[in-house]
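These values consider heavy atoms only, across backbone and side chains, with no hydrogens, waters or symmetry-generated copies.
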Amino acid sequence: MKRVNILDCTLRDGGYLVDSQFGNTAIKGIIRGLAESGVDVIECGFLKDEPHPAGSTIFNNAAQLRSFLPDDRRQSSYVCLADYSRYSIDNLEPFDGTSIDGVRACFFKNERYDVMDFCRSITEKGYKLYVQPVDILGYTDAELLELIDMVNEIEPYAFSIVDTFGSMYKEDLQRVFFLVHHNLWADAKIGFHSHNNLQMSFALSQEFIEMTQGLRRIVIDCSMAGMGRGAGNTNTELVMQYMNRKYNSGYDIDVLLDLIDNYIDGFHNQSEWGYSIPYFLAGSYSAHVNNISYLSTKAGIASRDINYLLNRLGSSNRKRYDYDLLEKIYLEYLGAICKDDSQIEQLKAALSGKDILMLLPGHSIVTHKKVIDTYCEKKQPVVISVNLLSHDYPINYAYFSNKNRYRYWKSATHFSEYKKIVTSNVTTETEKDQLIIDFTRLVKCGWEQLDNSGILLLRLLDLLQVKSIAIAGFDGYSHNTENKNYVQKDMEKLRNTLNAEEANKDIRSMLQDYMNTRSSQCPIRFITPSLFENIVKGETDE
C-alpha cells in the first residue's frame, strides 16, 4: 500500500473560479486523464442540496456521478466534498461500488459538535470518510485534541490538516502534524490541504512528505496548474514530479501535461488565480479571500491600503467577509488621507536640530515630576504632549492621534492655549494653531496596537531631523488595578488593561521595528520608568 497518495481537487477547488461549470466533456476528460496519469484520489466535485445543472461538478447524490466516471477506474479512488452546512446526508444513497467511494466532510469550527452525526452517517453508508476541518490554525491545541477524540470514535479513513487561509509556515505544519499524529486513530491517514498565499504550498507539501516518513500514510491535496480560488493550491504536476524523482512513484507527467494544455489553460484564460501581493496579504492575516476580491475592485487602492484595512478588520472578522463592514472601514480610511507637505515643512523648520521631550500620559509623569522638571530646566527641550493637556508642564505642542482623546480635551477651557499637531484620522478640519499630519504617512501594519500614539509620534519626529528625543510617561500596561496606567483614571483603556501582556508585547515589537528602520540616529532616552526602556538602552544624549 502506498505511503503517499496524491489527491487532485481541480474539479472541486477549481470550481470556485468557474461556478463549477467545467462542462460535461471537460469533466469526463479530466477524470479519465487523472486516472490514466496515476493520481491516487480524484475529487470529482461537491455534494450539495442545490440543483445539479448540466456540465456542473455540483452533485446531489452518488448516482449523478456515475456517467462521469471511466469504465476503467485503474487504481484511483473517487470522492466528493460535502459541506456540512450545505448538504443533507440523507440524500446520499448507500455505497454500491458503481460511483464514488469516499466523501470529504467539511465543516467550520463552530459546527464541530453537530457534524459528528453527519460524519458517522457517511461511514454507515459504506463510504470512506475524510474529515476536513476548516482553518485548523484557528483551533487551540485543546480544541483540536477534543475534535480528534470525537473523530476517533468514528474511525475515519483520513483526517486533514487544512490551511484554509494559506498562512502556514513550516513550524506551524510540524506542530499541528505531531499533535494530530500522536492522538489520531492509528489506522487513519493524515491529509494536507494548503493554499499558496505565501508561496509556501509546494515547499510545505515536500516538508509534509519527508516529516511523515515511517509515521503515517498521508494524502497530499493539489490541483492542476494550482487551479483554485485566490492564490490557488499546490500544483499537482509539481508534487507528481517530486514523487517520481524522489521515490520513483511512476506517475505519468505527460498525461497530466496534456490535461493542462487541453483543459486547464482554457480556464486560465478566463479566470485568474495564483500568487499576488493582495493574496500574500490575505495569507499574512489569515483573511478570507473574498475580502481581497472586494477591496481590489476599489479604484486606486494600493497594496499598503489593503494591508492597513485587513489589519483593522480584526482577527475574527478577517476570517469571514462582511462587505458592509469593509466598506465602512474603507471609507474611514479614505477620510484619513490628506496632503501635509506644507505642515511637515513647518514642523521641520520649528523642530529641526532641537531637543524634544515626548510627554505621554502614563502615571510616571506624576510620580517622577521632579525628574521631568530637572530635565526641562537643564535641556530646555521642546515639549510635545501626547493626547494630554496639563498646566503642570511647559507644553509647546499638544499631539493627538487618538480621536477620543482629542474630543475629550477639545471641551477643556484651555484647549485653545496650545499649538496642536493632529493626525488626519482624528480630524481634517483646519483650525488656528493646528497642523494636520497625514495618518497614513505614520502608520505601519502588522500589529493590533498599530495606532499607538507614542510610536506614531516617534515616526513623525524621525521625519523632522530633531537633535534628541527624551520620553516620559511611556510606562506600559499592567493588569494590576493598584498600578495606575494613566495620569488620570478616566483615561484607562479596558482593552489594554485586560490584555496588558499582549499590548506590551505589541508595543515592544513596534518600538524595536522603529529603532531598526528609523532614518535618523538621534539619541533617545527614557527619563521615567518604562517597560520598554531596554529597547533603547544605551541611547543617550549626554
Side-chain angles (χ1 to χ4, degrees), residues 285 304 307-315 329 332-333 336 356-365 384-389 397-409 420-427 437-464 466 469-479 483-488 491-518 524-536 539:
Y285 286 106
R304 67 177 294 161
N307 191 25
Y308 173 81
L309 293 165
L310 289 177
N311 203 117
R312 296 308 285 162
L313 268 179
S315 57
I329 294 174
E332 288 175 352
Y333 179 66
I356 306 296
L357 171 61
M358 289 173 49
L359 190 69
L360 287 93
H363 194 251
S364 66
I365 66 172
I384 304 177
S385 66
V386 179
N387 297 326
L388 174 71
L389 300 181
Y397 291 91
Y399 168 87
F400 292 95
S401 61
N402 182 302
K403 185 179 294 186
N404 292 331
R405 297 280 187 257
Y406 179 81
R407 288 172 176 170
Y408 175 87
W409 288 111
K420 290 170 282 293
I421 304 168
V422 182
T423 54
S424 58
N425 61 309
V426 172
T427 182
I437 303 300
D438 184 1
F439 174 71
T440 65
R441 179 197 287 273
L442 307 179
V443 73
K444 287 179 72 172
C445 295
W447 301 275
E448 292 296 326
Q449 300 278 334
L450 85 169
D451 55 354
N452 179 272
S453 297
I455 300 295
L456 294 182
L457 178 55
L458 281 170
R459 294 192 187 127
L460 175 59
L461 293 176
D462 189 47
L463 302 174
L464 305 178
V466 302
I469 301 172
I471 304 174
F474 201 2
D475 302 353
Y477 298 107
S478 171
H479 283 304
N483 297 334
K484 296 179 181 178
N485 287 313
Y486 287 93
V487 64
Q488 294 178 204
M491 297 182 78
E492 295 285 353
K493 291 181 180 179
L494 184 60
R495 67 165 180 154
N496 291 334
T497 303
L498 294 177
N499 302 290
E501 287 86 358
E502 288 301 315
N504 292 331
K505 180 180 177 182
D506 240 17
I507 295 168
R508 284 192 193 95
S509 176
M510 293 168 71
L511 185 55
Q512 187 64 65
D513 174 79
Y514 165 77
M515 295 300 295
N516 292 341
T517 60
R518 63 188 180 132
I524 301 176
R525 61 183 294 200
F526 284 87
I527 63 172
T528 61
S530 170
L531 294 176
F532 317 118
E533 56 191 303
N534 65 309
I535 296 174
V536 295
E539 296 276 343

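Counting heavy atoms from C-beta outward, Leu388 and Ile365 have side chains that approach closer than 4.5 Å. Within the 4.5 Å cutoff, no side-chain heavy atoms of Gln449 are placed close to those of Ile455. Taking the side chain as every heavy atom from C-beta outward, Phe400 and Leu389 approach each other to under 4.5 Å. Side chains of Leu457 and Tyr397 form no contact here, defined as non-hydrogen atoms less than 4.5 Å apart. By the 4.5 Å heavy-atom criterion applied to side chains, Leu458 and Leu511 are counted as neighbours.
Checked against salt bridge (Lys or Arg N to Asp or Glu O under 4.0 Å), Arg407 has no partners two or more places apart in sequence or in another chain. Applying the ring-ring contact (aromatic ring centres under 6.0 Å, His included) criterion to Phe474, with sequence neighbours excluded, gives Phe532.
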**OP:** List the steps, then state whether side-chain contact (heavy atoms from CB on, under 4.5 Å) holds for Leu313 with Tyr285.
**Re:** CA-CA 10 Å; Leu313 268 179; Tyr285 286 106; over 6 Å; no
**OP:** Please report the C-alpha distance between Asp475 and Ser364 in whole Å, then the side-chain angles of each, then the deciding distance to 0.1 Å, and finally whether the side-chain hydrogen bond (donor to acceptor under 3.5 Å, both in side chains) criterion is met.
**Re:** CA-CA 7 Å; Asp475 302 353; Ser364 66; 2.6 Å; yes
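In terms of heavy atoms, Gly473 sits closest to Thr528 at N-OG1, 2.9 Å. Of all non-hydrogen atoms in Leu456 and Leu450, the two that sit nearest each other are CD2-O, 3.9 Å.
For the atom pair Ile384 CD1 and Ile471 CD1, the distance stands at 11.5 Å (nearest 0.5 Å). Within the model, atoms CG of Leu531 and CD1 of Ile507 stand 9.0 Å from one another, a figure rounded to the nearest 0.5 Å.
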